[in-house]
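Data block below; observations after.
Numbers here are sequence positions counted from 1. Just so it is clear, the structure is predicted and the values come from calculations on it, not from any experiment.
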Amino acid sequence: MALSDLITHKNGRQRKMAGAINPPENMRYMDKEEKSSSDPEVEEEAEGLIRGSDSEDRRHRVRPGIRGELGNVSLLLFLYVLQGIPLGLAGSIPLILQSKSVSYKDQAFFSFVFWPFSLKLLWAPLVDALYFSRFGRRKSWLVPTQFLLGLFMLYLSGTVDSLLQSEGGPKVVTLTAVFFMLEFLAATQDIAVDGWALTMLSRENVGYASTCNSVGQTAGYFLGNVLFLALESADFCNKYLRVVPKDTGIVTLSDFLFFWGVVFLVSTTLVAIIKRENEQGKGKRKVHEETEGVMETYKLLFSIIKMPTVFTFCALLLTAKIGFSAADAVTGLKLVEAGVPKEQLALLAVPMVPLQILLPVIISKYTAGPRPLDVFYKAFPFRLLIGLLYALLVWWTPSVKEEGGFPVYYYAIVLLSYAFHQVALYSMYVACMAFHAKVSDPLIGGTYMTLLNTVTNLGGNWPSTVALWMVDPLTSKECQGAVRQSCGSPDEAGLCVKEGGVCVTTLDGYYVESVVCVVIGLAWWVWLGKKMRRLQEQSPAAWRCRANQ
């Protein structure tokens with residue numbers, strides 16, 4: 001898990017937590033549906049409505065009709081907040097597991113939980129094409145998935161304590177299976193809500209959909225991750241929220257899951273009964289959506305991937321982030337292992353929000369030209385260097401720890417290092433997204449760009465999982481205080497302790513990974529990075545899908 005993952009909301013929209021790996025890097029499926037909403041007949045009808053409206057009244061209205069659609073905007077915002085809750089909860093579990101000293105192999109296994117948002121393109125065509133017309137195209141998927149989310153949360157509220165506190169240690173396999181299903185359902189809900197947003201709002205106000213998405217999902221992630229970790233921490237609650245100290249936080253994970261499970265069930269029932277799709281309101285006409293066949297969509301995706309330029313670009317995207325995987329996936333967990341309170345790391349998200357809002361705006365000025373990947377290439381080595389600085393930060397952390405915790409200047413340095421990381425990360429991310437928009441075939445722009453965004457996201461997930469998996473095998477320990485004992489495995493470590501010895505780490509696999517990843521990253525930058533830059537020199541025809549020519 002990334003240091004930034006502990007601090008802020010990818011995922012991403014991924015989003016997993018925003019920050020060191022992917023958060024904005026999680027792709028949206030909304031652009032595919034935008035294409036169908038641009039029907040010429042609908043545009044002509046909209047123009048007729050505008051022409052027929054009173055001109056004097058229009059001069060006094062900044063955005064016509066928004067007041068009449070505040071209910072729809074509020075509903076969209078609420079649905080995106082619900083979507084962020086399971087994302088935030090999934091992001092908090094690795095920190096809880098780390099405080100219970102699980103192995104990094106178990107952390108790697110749990111990291112598969114974050115993959116559904118990177119792979120949702122695989123089943124998005126099904127969500128788009130299969131539905132019950134009487135119930136509603138989007139509600140056919142939204143209502144069942146949110147009901148299942150609520151039921152899973154209620155189930156977890158009764159079992160999560162036993163899963164985390166069993167005698168043999170946390171039951172990571174079961175936790176992974178349940179939270180994977182939660183994320184799968186959340187990703188499916190995301191597809192449905194993105195599509196519904198385009199018909200729920202009128203054409204003049206559809207731009208608010210992306211705002212609802214960004215604000216709602218971020219707020220939901222904050223509630224499920226940062227706020228939960230703070231309220232669950234006894235130290236934080238005793239220090240800031242209580243007069244009389246207690247041994248537990250204000251809420252438990254079980255209570256939090258139960259509350260949101262009830263919220264999901266109640267709100268979904270109300271949406272199913274009260275809200276109708278494609279309602280005809282004042283100044284609003286029903287939008288008829290076109291549906292591409294499922295097989296046609298999959299064939300189109302396959303035809304895009306087969307194009308030589310796209311295939312090369314995808315291969316580069318899948319390997320570009322190997323050099324950052326140790327820093328992004330392991331650093332935060334190592335800080336928790338060194339004694340840094342997980343809730344304090346999570347709360348560092350708050351002062352980072354302004355920077356995360358401003359960075360894309362500033363960087364986009366440098367990626368708007370014909371060669372956006374130049375910014376990607378220039379930011380690459382700086383992000384590698386920050387990975388080494390992260391390793392130095394982890395090494396320095398134990399020596400800074402005081403009896404009452406960590407001094408203020410330590411958190412200031414952590415925040416500063418994360419800020420530098422965000423500059424490098426957003427430079428690469430915005431450059432990559434700008435290039436996606438530049439090369440995507442305009443005839444199939446939504447599907448094309450979604451495919452590239454999915455590959456980009458997957459290129460961050462798989463190296464992170466591998467990095468977590470390799471920490472333990474690369475770590476060397478020896479048994480001190482017991483003759484002829486070793487610590488090569490959990491059983492051997494237990495025998496060492498039983499014989500009166502103690503296992504001491506002689507070489508931490510995290511530092512080995514940090515160096516190896518930077519070496520691999522530099523090699524990629526020198527040889528493959530230049531190849532990526534040369535893709536900008538390809539003609540527009542090289543990126544055009546022949547199936548649409």
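The side chain to side chain contact (heavy atoms under 4.5 Å, CB included) check on Cys496 picks up Cys479, Gln485, Cys487, Cys503, with sequence neighbours excluded. Every residue meeting the side chain to side chain donor-acceptor pair (under 3.5 Å) condition with Ser233, not counting sequence neighbours, appears here in chain and number order: Glu343. With sequence neighbours excluded, the residues that form a ring-ring contact (aromatic ring centres under 6.0 Å, His included) with Phe112 are Trp115. Partners of Trp524 under the side chain to side chain donor-acceptor pair (under 3.5 Å) rule, at least two apart in sequence or in another chain, are Thr319. Listed by chain and number, the residues in a side chain to side chain donor-acceptor pair (under 3.5 Å) with Ser486 are Glu492 (sequence neighbours excluded). With sequence neighbours excluded, the residues that form a side chain to side chain contact (heavy atoms under 4.5 Å, CB included) with Val423 are Leu359, Ser427. Partners of Pro144 according to the side chain to side chain contact (heavy atoms under 4.5 Å, CB included) rule, which considers only residues two or more places apart in sequence or in another chain, do not exist here. Every side chain to side chain donor-acceptor pair (under 3.5 Å) that Tyr104 has, sequence neighbours left out, goes to Gln98, Glu337. When the salt bridge (Lys or Arg N to Asp or Glu O under 4.0 Å) test is applied to Asp508, the partners found at least two apart in sequence or on another chain are Lys334. Applying the side chain to side chain contact (heavy atoms under 4.5 Å, CB included) criterion to Val215, with sequence neighbours excluded, gives Leu77, Thr211.
No more than 12 heavy atoms of other residues, nucleotides or ligands shown are found within 6.0 angstrom of CH2 on Trp395. More than 12 heavy atoms of other residues, nucleotides or ligands shown are found within 6.0 angstrom of NZ on Lys100. Lys139 NZ: more than 12 foreign heavy atoms inside a 6.0 Å radius.
Aromatic pair His421/Tyr390: ring centres closer than 6.0 Å. The distance between the ring centers of Phe380 and Phe324 falls below 6.0 angstrom.
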Distance-only check: which donor-acceptor pairs under 3.5 Å involve side-chain atoms of residues 254-261, not counting sequence neighbours?
from: Ser254; atom 1: OG; to: Ser157; atom 2: O; distance (Å): 2.4
from: Asp255; atom 1: OD2; to: Thr252; atom 2: OG1; distance (Å): 3.0

Identify all side-chain donor-acceptor contacts of residues 305-318 below 3.5 Å with residues at least two apart in sequence or on another chain.
from: Thr309; atom 1: OG1; to: Ala542; atom 2: O; distance (Å): 2.7
from: Thr312; atom 1: OG1; to: Pro308; atom 2: O; distance (Å): 2.9

Query raised in the report: Run the side-chain contact (heavy atoms from CB on, under 4.5 Å) check on Ile191 and Asp128 step by step: do they pass?
Result: CA-CA 8 Å; Ile191 299 168; Asp128 191 51; 5.9 Å; no
**Report entry** From CA spacing to verdict: side chain to side chain donor-acceptor pair (under 3.5 Å), Thr465, Ser111
**Finding:** CA-CA 6 Å; Thr465 298; Ser111 71; 2.9 Å; yes
Requested in this report: List the steps and the verdict of side-chain contact (heavy atoms from CB on, under 4.5 Å) for Ile93 and Leu89.
Outcome: CA-CA 7 Å; Ile93 296 300; Leu89 283 171; 5.7 Å; no
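Contact check for Phe184 versus Thr188: side-chain heavy atoms found under the 4.5 Å cut-off. Side-chain contact between Leu265 and Leu151 is present, with at least one heavy-atom pair separated by less than 4.5 Å.
Using a 3.5 Å distance cut-off with no hydrogens or angles, the side chains of Tyr429 and Thr456 do not pair a donor with an acceptor. Asp194 and Tyr80 share a donor-acceptor pair across their side chains, judged by distance under 3.5 Å alone. For the residue pair Asn461 and Ser464, no side-chain donor N or O sits within less than 3.5 Å of a side-chain acceptor on the partner.
For Trp141 (side chain) and Leu130 (main-chain N/O), a donor-acceptor pair under 3.5 Å exists by modelled atom type.
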